[in-house]
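This report concerns only the one structure given below.
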Amino acid sequence: MLGMKKGMSNKEVADLLEMVAAAFEIKDEDFFRVRAYKNAAASIEHLSSQLKDVWDADKLEEIPGVGPSLAQHLDELIRTGRVKHFEQEVKGLPLGMFELMKLEGVGAKTAYKLASEFDLKDEKTAIDRLRRQILAGKIKELQGFGEKTEDELLKAIGSVQSGSDRLLLPEAEAIAEEVVEYLRSSGLCEKIEVLGSLRRRAATVGDIDLAVMTDKPTELMEYLLKFKGIKKVLSTGSKTTMFIHSSGRQVDVKTQSKDRWGSMLQHYTGSKLHNIHLRKLALEKKMSLSEHGIKKGGKLFKYAGENEFYEALGLKYIPPELREDSGEIEASIKGGLPDLVELKDIKGDLHMHTNIEIETSHDMGMSSVSELLNMAESLGYEYIGLSDHNPKMKGLSESARVKVVKKRNEAIDKEIASSESSVKIFKGMEVDIRPDGRLAVSDEVLGLLDYAVVSIHASFRQSKEEATERVLRAFDHPRVKIFGHPTGRMLNKREGLDYDWERVFEECRRKRIAVEINSSPERLDLPDMLVRQAVKTGVLLVINTDAHEASSMKGMRYGVGVARRGWAEASNIINTWPYKRVEKWIES
DNA sequence: GCCGTTTTCGGCCCGACTGTTTTCAGTCG
C-alpha cells in the first residue's frame, strides 16, 4: 500500500500524502503540518504533468506546497518505490481506518477511533466489519457516539458501495436545470446561478452547486425540502442545504442576499485552491475573505457584483474557467490575463458527419446535408466542413473506395446547387490513423478532398514512443489539416493516448495542422491542460463538434469551455476566422 | 510541513452544519 508501484499516478501519490496527513492528524501533530501535507496532496493531484516528469526535470520544489522536506520524500518514493518516514508514521495504525475515511462524514479521527476500537486492521474487510458492529448496536456505546451517528454511518456505508463516475456536462446541466426550475416555482428567488465546477466548465462534475438570491432564506429552504427529487438530506440550514438528488448526485444550495451576491458567486464558484490563494493574498493586505464579503479592520464590506469583489483585492476580474490556481491570480495582478475566446466568435464547424452512405469504417451521421446546413445557418455560421469517416478497409476494393468518395462529392455538390443557404461547405473526411501511422485511405482518395481530419479509433495501448511516431507519420500528407480528438480519451471510460507533446505540437505548428478541441461531452479532447500547452507553443487550434446529427452542432459551447480553460484566445482558434481565411489555410 | 513586495521566523483560509457536547470538535466544501 505504501510502496510506489511502477507508473504510480499523481492521484495515487496524492492519496498517499493524504494518508500520512491523516496519521499526523490522529497523533495531534501540528495542525499546520497536517495542512501542509493536504495542500501538497491537492497540488499534486491537480498537476498538469506527471510527477515523474517533474522529478526527471529536477523541479519537485517548484510544485506549490512542496518544499525541501516533501521533495526529499517524493524523491525517495520515485527512486525506491517507498518512503521510510511515511511507513514509520503509519506504522501501528489500523489500516482499516483509511478505508473508513471514504465514508461520508468520517474523517481521520472518527476513522481511527472506530478502527482501533473494533480492531479493523484489514482494509478489505473494514467497512463490512464496521457494519456488523453497527447492527449489533456497539457504536453508540462508545464515548462521543450516539444513535444518530450509527444511523448516519449505516447510510454512508450504503452509498459508498454504489459509488459511480463523475458526471458529464450535459448530465450535470440536466440535474441543475430540474432543481433550478423547482426553486423558481417558489416565487422566492430573485436570481439563481449554477456555480462550482459546472460554472468553471470542468470536463466532469462531481456535485451540483447552486446559489440563490433571496431575502427569505428560511422560507426558501423549507420549500426546497419539499422537493420531490430529494433522496436524502445531508444537512440543512437557512444558508446551506445539501442533499442527494434522486439521480444519486449531491446538490448544494446556498442562499445569499442581493448586497452580498458578488462575494457569494465568487466563493461558491471556487475552485478551492483558487480561493485559498486569494485569501492568502488578502491576508497580506490585512483583509479577510468569505462568501459574505471582505473584512477590513473588523468591518465587513459587501459586494453585489463579482467584478467589484476582485477589484477590491486589486485584481482584474478572472473568468470562472481560469480559477484553478494555475497562474491566473499572478496574471491578473500583472495584467496578463488572456482575452478568452467566446462562443460568439465561432464562425464554423469543421468536423461533422452526414447520412450519405459511403460504407464508413465507423458510425455514419443521422442528418442530411441540408439539415446540417440549416443548423449552421441558425447558429450564424459562415461555413461547415463535412467529415464522414473514411470508407472501410475490409471488404471494399481500392477502386470501390475511390468510386464511393466520388459519388459522395457529387451528392454534396447537388445539395450545394439546390441550397439557398449562404453557408459554405468544405468537403472533408475523418481518416483513421492506423496503428503504424499509415492513413486508412490512399493518396487518390485524399486528392478528392478539401482536407482530412486524421484521428485514432483503435490501438490505444501503445507506448508514448510508439504513439508519437504513429501520429507524426500521419501528419506527412499535405491534405491533412486537422488532428482530430487527439488523445482519443472517453471520459469515465478510457484513458487517452499519451504522446511526446512537445514533438507533436511542434510538428503541428510547423505544418500548420490545427489540433482539434473536440466538443463532444464524452470526449472534450484535447484536454484543457494540453490546450494551454498548445497555446503556449503557438499551435493552431480548431473547436469542432464531431456532430453525428444536426442538433449536436449546438454542443459547440462545451468545446469553447475547454478552450477557455486552456487560456485560448480567438486568435488561437481557426474557426473564428472568416471563410476566406479558412479557405486559404485549407488550400495551403 | 511551507513560505516571504512589511518576514529566513512566525505566521499559516473561512464559515456552515451536526451531534453530543453544557461550550465545542469534527467534517465538509
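In what follows, chains are A, B, ... by sequence order, proteins preceding strands, each numbered from 1.
Side-chain nitrogen and oxygen atoms of A:His85 include at least one within less than 4.0 Å of the OP1 or OP2 phosphate oxygen of B:dG1. For B:dC14, the OP1/OP2 oxygens have a side-chain nitrogen or oxygen of A:Ser288 closer than 4.0 Å. Neither OP1 nor OP2 of B:dC14 sits under 4.0 Å from any side-chain N or O of A:His292.
The stretch residues 305-312 of chain A has no heavy atom under 4.0 Å from DNA chain B, so no residue of it qualifies as close. For residues 175-183 of chain A, proximity to DNA chain B is found at no residue, defined as any non-hydrogen atom under 4.0 angstrom from a strand atom.
A:Phe86 does not carry A:Lys84 over the face of its six-membered ring by the limits of under 6.0 Å from the centre and within 45° of the normal.
Annotation: salt bridge (charged side-chain N to carboxylate O under 4.0 Å, His left out) contacts of A:Lys302 (sequence neighbours excluded): A:Asp259. A:Ser332 is linked by a side-chain contact (heavy atoms from CB on, under 4.5 Å) to A:Leu315, A:Lys316, A:Ile318, A:Leu337, counting only residues two or more places apart in sequence or in another chain. For A:Lys140, the side-chain contact (heavy atoms from CB on, under 4.5 Å) partners two or more places apart in sequence, or in a different chain, are A:Glu147, A:Glu150. By the side-chain contact (heavy atoms from CB on, under 4.5 Å) test, A:Thr125 pairs with A:Asp122, A:Arg129, sequence neighbours left out. Residues forming a side-chain contact (heavy atoms from CB on, under 4.5 Å) with A:Gln72 (at least two apart in sequence, or on another chain): none.
Heavy-atom minimum distance, A:Leu70 versus A:Ala36: CD1-O, 4.5 Å. The heavy-atom pair separating A:Val83 from A:Glu76 by the smallest distance is CA-OE2, 3.5 Å. Between A:Ala40 and A:Val66 the shortest heavy-atom distance is CB-CG2, 4.3 Å.
Residue pairs meeting the side chain to side chain donor-acceptor pair (under 3.5 Å) criterion with at least one member in residues 208-221 of chain A, sequence neighbours excluded, do not occur. Identified under the side chain to side chain donor-acceptor pair (under 3.5 Å) test for residues 223-236 of chain A, with sequence neighbours left out: A:Ser185-A:Tyr223, A:Thr236-A:Thr241.
Among the protein residues, A:Phe145 comes within range of the sugar-phosphate backbone only, with heavy atoms under 4.0 Å from sugar or phosphate atoms but none that close to a base. Here A:Glu150 lies out of heavy-atom contact (under 4.0 Å) with every strand.
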Any N/O pairs under 3.5 Å between the protein and nucleotides 6-8 of chain B? List them or say none.
from	atom 1	to	atom 2	distance (Å)
B:dT6	O4	A:Lys286	NZ	2.7

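Residue-to-nucleotide proximity on DNA chain B shows that, of A:Leu142 and A:Gly65, the 5′-proximal contact is made by A:Gly65.
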Practice problem: Let me have a per-nucleotide readout for nucleotides 23-29 of chain B, 5' to 3', with B, S or -, counting only protein heavy atoms under 4.0 Å. | Solution: ---SSSB
Side-chain donor-acceptor pairs of residues 267-284 of chain A under 3.5 Å, sequence neighbours excluded:
from	atom 1	to	atom 2	distance (Å)
A:His267	ND1	A:Arg279	NH2	3.0
A:Thr269	OG1	A:Arg199	NH1	2.7
A:Thr269	OG1	A:Leu265	O	2.6
A:Ser271	OG	A:His274	N	3.3
A:Ser271	OG	A:Arg323	O	3.0
A:His274	ND1	A:Glu328	OE2	2.7
A:His274	NE2	A:Tyr310	OH	2.9
A:Asn275	OD1	A:Gln266	NE2	3.1
A:Asn275	ND2	A:His267	O	2.9
A:His277	ND1	A:Asp325	OD1	2.6

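With C1' as the reference atom, B:dG1 and B:dT6 are 24 Å apart, rounded to whole Å. One P atom belongs to B:dT20, the other to B:dT27, and the distance between them is 14 Å to the nearest Å. Nucleotides B:dC2 and B:dT7 are separated by 14 Å at their C1' atoms, to the nearest Å.
Ring-plane geometry between A:Tyr303 and A:Phe309 is classed as perpendicular, the angle between the planes exceeding 60 degrees on a 0 to 90 degree scale with a lower cut at 30.
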